[in-house]
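What follows is a single structure, written as structure tokens, with notes after it.
All chains are named by letter (A, B, ...) in the order of the sequence lines, taking the proteins before the strands, and each is independently numbered beginning at 1. Computed from a prediction, not measured in an experiment: that's the story for all the values here.
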2 protein chains.
Amino acid sequence: MKKENITIYDIAKKAKVSPSTVSRVLTGNARVRPETTKKIKEIIDKNNFKPNGLARSLLYKKTKMIGFVIPDINHSFFSTLVLKSEAHALKMGYTSFLCNSMNNSEMESNYLQTLLEKQVDGIIFLGGRINEIETDPVYAEEMKRLMERIPVVFINGKMTGVDAHVVRTDEAYGIWKLVELIANHGHTKIGFLGGLKGISSTENKKNSFKLALNHQSIPVSEEWILGSDFSIESGEEAAAQLLNLKDKPTAVVCVNDFVAMGAINMFTKFGLRVPDDISVLGFDDIYLAKYYPPGITTVTQNYDMLGQTAVNVLVELIEGKEAPKETIIPTSLVLRNSCKVYRGK
Amino acid sequence: MKKENITIYDIAKKAKVSPSTVSRVLTGNARVRPETTKKIKEIIDKNNFKPNGLARSLLYKKTKMIGFVIPDINHSFFSTLVLKSEAHALKMGYTSFLCNSMNNSEMESNYLQTLLEKQVDGIIFLGGRINEIETDPVYAEEMKRLMERIPVVFINGKMTGVDAHVVRTDEAYGIWKLVELIANHGHTKIGFLGGLKGISSTENKKNSFKLALNHQSIPVSEEWILGSDFSIESGEEAAAQLLNLKDKPTAVVCVNDFVAMGAINMFTKFGLRVPDDISVLGFDDIYLAKYYPPGITTVTQNYDMLGQTAVNVLVELIEGKEAPKETIIPTSLVLRNSCKVYRGK
DNA sequence: CTGTTAGCGCATTCAA
DNA sequence: TTGAATGCGCTAACAG
């Protein structure tokens with residue numbers, strides 16, 4: 001099936017020149033007589049010849065490839081981020097190699113091996129092991145050994161004992177602004193929904209949530225802090241649990257937009273109107289947040305900046321330059337219709 | 001920054017053996033004395049050595065990589081499909097290289113070049129040029145030249161003059177069943193929303209829609225066939241146009257779930273209840289279809305089968321075997337709550 | 001301006 | 001069971 005590979009030798013022979021001359025017109029790195037160039041280009045074109053990138057990369061010790069390890073491309077947050085990152089990487093002259101770890105540490109390890117063998121020039125890492133509050137020393141060790149061989153950038157994560165370059169969303173500030181917004185709307189009974197315990201994003205947000213409540217002199221009610229993960233289902237469950245309580249909050253901050261959607265679903269199902277009876281706030285500003293009725297008030301992730309910065313930092317590292325150890329990407333509120341002034345009892 | 005590469009020569013030297021012996025323990029393709037093996041393995045491990053995949057691939061003329069050209073990973077349909085395909089490819093021993101063309105033909109061309117240079121073993125192609133009803137001869141030519149060098153599989157598309165292997169969703173049947181469902185629910189005024197003209201998916205679905213109406217002895221009303229693309233916005237627009245009509249349908253089939261969501265939004269906004277006042281049907285069964293209120297009745301794409309089949313066909317081709325030229329992946333109805341019996345006037 | 005030579009890292013002959 | 005030699009396809013250094 002696969003046609004015999006054409007090489008520069010074949011082209012050289014047909015053009016009656018040496019392989020190096022062909023190579024020269026290919027790279028454009030040296031002057032070749034115009035007529036010769038023209039003849040060679042014609043033959044290249046006629047034979048549909050493409051230089052073998054493997055051979056080239058083997059020589060250069062560079063593949064111009066960036067590896068991405070992410071948990072799940074099927075999640076809006078990651079797919080958007082990857083899309084932006086890929087586009088920017090392309091501008092910087094790099095192609096992207098994507099690996100879906102499905103949040104499975106073993107798959108992460110496998111993919112890291114694969115990326116290393118494929119000789120990618122650098123790796124951008126998201127999710128999984130770098131999101132655990134308690135770093136697993138085995139995986140930390142693996143990561144350190146990896147980093148001895150190749151530049152790595154973490155997005156929204158860290159590992160204790162691993163001194164990596166990291167680019168982070170300012171989750172704390174986002175939550176802070178969300179709480180400020182609700183408080184300004186007169187709410188004093190506020191819950192927090194969703195998020196897996198032990199995952200840094202959850203803990204960061206919960207911590208900021210509590211701090212912000214304190215700052216607003218609003219008491220923290222632990223029984224309004226519910227949820228098991230980051231899915232719509234989790235939002236539904238948490239909301240259902242809330243509905244069983246005698247004393248219910250009038251507003252809930254959700255760990256992300258999916259959880260907010262689930263919460264909205266469940267509240268609506270049980271006759272509560274959002275935002276009239278209860279305000280629901282999200283996080284991430286995924287594509288659907290705008291459309292999901294009633295339109296979710298949320299915090300935008302600044303996907304462009306997040307992706308671009310991560311790629312930029314990695315490229316600096318690849319080129320052997322200095323790069324900031326930690327970059328915080330600002331977040332900002334996106335006001336829509338799932339939050340409303342508290343209208344009293 | 002980047003550490004000097006360790007090679008089998010370094011390992012060989014430290015182990016006081018020849019490079020070929022190291023190579024042998026690496027591949028396991030030849031017998032090596034157990035003690036020697038052990039010693040070499042220890043040294044490999046201690047030095048964190050990984051064989052260079054580029055060199056290996058150069059030699060084998062195989063990269064065990066599949067290239068995916070898709071329009072936009074940020075769309076649920078594609079991300080789900082890619083996820084399933086990648087998982088299956090991994091089982092078959094292949095890693096996946098993803099390229100987002102953004103439905104831009106020029107980017108498609110660039111990525112095809114890149115994939116060729118990176119020596120992927122085969123390519124799975126979705127969207128863009130293979131979805132145009134009117135094939136652009138320039139791109140068809142490019143595709144043909146590509147296919148002379150490397151196996152290609154199309155998913156849900158084709159190009160006139162290009163004799164490619166293709167795996168297709170049975171869109172026609174899905175639409176047919178949708179119409180049947182609505183007709184059985186007593187609806188006789190049915191519209192079709194969304195879809196870009198000239199794109200095969202749109203035309204296939206519209207054609208099937210009309211045939212199905214005929215079959216049900218329901219008249220086709222062209223003024224109820226509206227929409228400009230595949231987005232939520234398009235659904236909103238189309239629904240708004242429908243609302244301006246004196247005579248309105250009581251059910252609409254949408255080109256996909258996003259359009260259905262937009263339509264539901266707009267109908268709701270103008271006081272129509274879904275499904276009580278109007279039934280709205282989607283297509284694709286994306287993750288959110290289940291949750292988007294009131295829960296969208298739709299057609300599932302059978303993502304697993306679609307992705308697995310495409311990968312299987314491609315692998316057969318890569319291995320030089322025969323493979324079916326066209327495979328149709330069945331679709332089936334997913335009943336939820338956006339469709340209801342017509343309750344008369 | 002062009003040809004010859006060498007080597008990137010690996011696996012596979014062929015000998016020993 | 002092991003070592004030496006060769007070549008995958010390419011480019012850069014060095015001559016000419």
B:Tyr60, nearest nucleotide to its side chain (from C:dC10, D:dC10, C:dA11): C:dA11

Given C:dT2, D:dG3, C:dC10, the nucleotide with the shortest approach to the side chain of B:Asn52: C:dC10

Short side-chain N/O contact to C:dG9 OP1/OP2 from B:Lys50, under 4.0 Å: no

Modelled atom types, side-chain donor and acceptor of B:Asn131 and B:Lys158, under 3.5 Å: no

Minimum-distance nucleotide to B:Thr27 side chain [options: C:dA11, D:dT2, C:dC10]: C:dA11

B:Arg24 or B:Leu58, whichever maps to the more 5' nucleotide of DNA chain D: B:Arg24

Rounded interatomic separation in angstrom, taking CD1 from B:Ile8 and C1' from D:dG3: 12 Å

Phosphate OP1/OP2 of D:dT2: any B:Arg33 side-chain N/O under 4.0 Å: yes

Separation of atom CG in A:Leu59 from atom P in C:dT5, rounded to whole Å: 18 Å

Under-4.0 Å side-chain N/O to phosphate OP1/OP2 contact, A:Thr21 with C:dG3: yes

Which residue lies more 5' along DNA chain D, comparing A:Val22 with B:Pro34 via nearest heavy atoms: B:Pro34

Pi-cation contact, B:Tyr94 with B:Lys64 (under 6.0 Å, within 45°): yes

Sugar-phosphate only, base, or nothing, as touched by B:Thr7 at under 4.0 Å among non-hydrogen atoms: sugar-phosphate

Flag for B:Ser109-B:Glu142: side-chain donor and acceptor within less than 3.5 Å: yes

Within the 6.0 Å centroid threshold, strictly below: A:Phe77 and A:Tyr303: yes

Whole angstrom value for the distance that separates P of C:dG9 from CG of A:Leu54: 14 Å

Heavy-atom donor-acceptor pair, A:Ser20 side-chain to C:dT4 base, under 3.5 Å: yes

B:Glu322 atom CD, neighbour heavy-atom count above 12 within 6.0 Å: no

Between C1' of D:dG9 and CZ of A:Phe49, the distance in whole Å: 8 Å

Distance in angstrom units between A:Ile44 CD1 and D:dC10 C1', rounded: 13 Å

Between C1' of D:dC10 and CD of B:Glu117, the distance in whole Å: 12 Å

D:dG3 OP1/OP2 closer than 4.0 Å to side-chain N/O of B:Ser18: yes

Polar contact flag, side-chain donor to acceptor under 3.5 angstrom, B:Asp304-B:His88: no

B:Ser57 side chain near C:dC10 phosphate (N/O to OP1/OP2, under 4.0 Å): no

d(CG, A:Leu26; P, D:dA12) in whole Å: 11 Å

Sugar-phosphate only, base, or nothing, as touched by A:Arg31 at under 4.0 Å among non-hydrogen atoms: base

Atom-to-atom span, CG of B:Asn29 to C1' of C:dT13 - whole angstrom: 13 Å

N/O donor-acceptor pair, side chain A:Tyr9 with base D:dC10, under 3.5 angstrom: yes

B:Lys61, nearest nucleotide to its side chain (from D:dG9, C:dA11, C:dG9): D:dG9

side-chain N/O A:Lys62 vs C:dC8 OP1/OP2, d < 4.0 Å: no

